[in-house]
Amino acid sequence: MATEVTELSASPNLAGVPTVDFVEDVDAFMKKPECESAEAVLKKQEELHNKFKFMEYNLNLKKTRLKNQVPDIKSSLDIVKHLRVKKDNTEPLTSRFLLSDNVYAKASIPPTDKVCLWLGANVMLEYGVEEADEVLVKNLDAAKKSLEQVENDLLFIRDQMTTLEVNMARVYNWDVKRRQAEKETKS
């Protein structure tokens, strides 16, 4: 049903979000064979609207996750760069690190050329400092690009929802006028 929506049949864009065409002529639109009744058309449009809401909700969750991820990656990148500078130093590096919310521990870090990166999903890998720097830069770029894409997809979805809401109002108003005209002809 979601693919039956140009004007009510939508063709998906690259992100898989259906595009909704503005219904210019409601009379011509309602004469199409797939438009049995105004109620059926409104029901299909409402289903598509709910799908848009669901997509918007999921994209907002992804956007929030990415917005939190970018500063974390930047922080890790700063630490790795600092370790690169200090790796040839003979003195240990003294630092405080976060254990949990508002709980910090003091550590003495000997000069090292290895670092462990938490990749998520209970996976941590050991990298050389240079390789860790490359991995983090790549991850930061990917997160920024993904965040930009999510923001563009959200704008697109909002545009489609607005068009769909206008179409729904136009079909509803068309149906109200049609019923009033039928009532007047019966009187």
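All values below come from the heavy atoms of this structure, side chains included, with hydrogens, waters and symmetry mates left out.
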Between Asp153 and Gln149, does any side-chain donor sit less than 3.5 Å from a side-chain acceptor? yes

The reported gap from CH2 in Trp118 to CG in Asp72 (rounded to nearest 0.5 angstrom) is 13.5 Å

Between Glu148 and Lys144, is there a side-chain N and carboxylate O pair less than 4.0 Å apart? no

When you measure from the side chain of Asp133 to the backbone of Val129, do you find a donor-acceptor pair of N or O atoms at a distance under 3.5 Å? no

List the steps, then state whether side chain to side chain contact (heavy atoms under 4.5 Å, CB included) holds for Asn139 with Val135. CA-CA 6 Å; Asn139 288 353; Val135 167; 3.8 Å; yes

Just wondering, do Leu93 and Leu83 contact through their side chains at under 4.5 Å, heavy atoms? yes

Exam field: side chain Arg170 to backbone Glu24, donor-acceptor pair closer than 3.5 Å: yes

With sequence neighbours left out, write down each residue that passes salt bridge (charged side-chain N to carboxylate O under 4.0 Å, His left out) with Arg65, or none if nothing qualifies. none

Within-4.5 Å side-chain heavy-atom neighbours: Thr163 and Asn167: yes

Do Cys35 and Lys44 come close enough that some side-chain heavy atom pair is under 4.5 Å? no

Verdict with reasoning, Leu119 to Met124, per side chain to side chain contact (heavy atoms under 4.5 Å, CB included): CA-CA 6 Å; Leu119 301 178; Met124 182 180 277; over 6 Å; no

Would you say that Leu59 contacts Tyr57 through its side chain, given a criterion of any heavy-atom pair below 4.5 Å between the two side chains? no

With distance as the sole test, does Asp175 use its side chain to make a donor-acceptor pair with the main-chain N or O of Val171 at under 3.5 Å? no

Check whether any side-chain heavy atom of Val26 sits under 4.5 Å from a side-chain heavy atom of Met30, and report yes or no. yes

Rounded to the nearest 0.5 angstrom, the OG1-CD distance for Thr185 and Glu182 is 6.5 Å

Looking at Leu154, is its backbone amide N or carbonyl O close enough to the side chain of Asn60 to form a donor-acceptor pair, meaning the two atoms are under 3.5 Å apart? no

Worked verdict on Glu91 versus Lys86 for side chain to side chain contact (heavy atoms under 4.5 Å, CB included): CA-CA 9 Å; Glu91 296 176 22; Lys86 297 286 186 176; over 6 Å; no

To the nearest 0.5 Å, what is the distance between NZ on Lys145 and CG on Leu140? 11.0 Å

Any side-chain to backbone donor/acceptor pair from Ser75 onto Pro71? Under 3.5 Å, distance only. no

pair Phe52-Val20: side-chain heavy atoms closer than 4.5 Å: yes

Which donor-acceptor pairs under 3.5 Å do side chains of residues 101-117 form with protein atoms, sequence neighbours excluded?
from: Thr112; atom 1: OG1; to: Lys114; atom 2: N; distance (Å): 3.0
from: Thr112; atom 1: OG1; to: Lys114; atom 2: O; distance (Å): 3.3

Could you go through residues 36-43 and list every donor-acceptor pair under 3.5 Å that involves a side-chain atom there, pairing it with any protein atom two or more places apart or in another chain?
from: Ser37; atom 1: OG; to: Ala40; atom 2: N; distance (Å): 3.1
from: Glu39; atom 1: OE2; to: Arg179; atom 2: NH2; distance (Å): 2.1

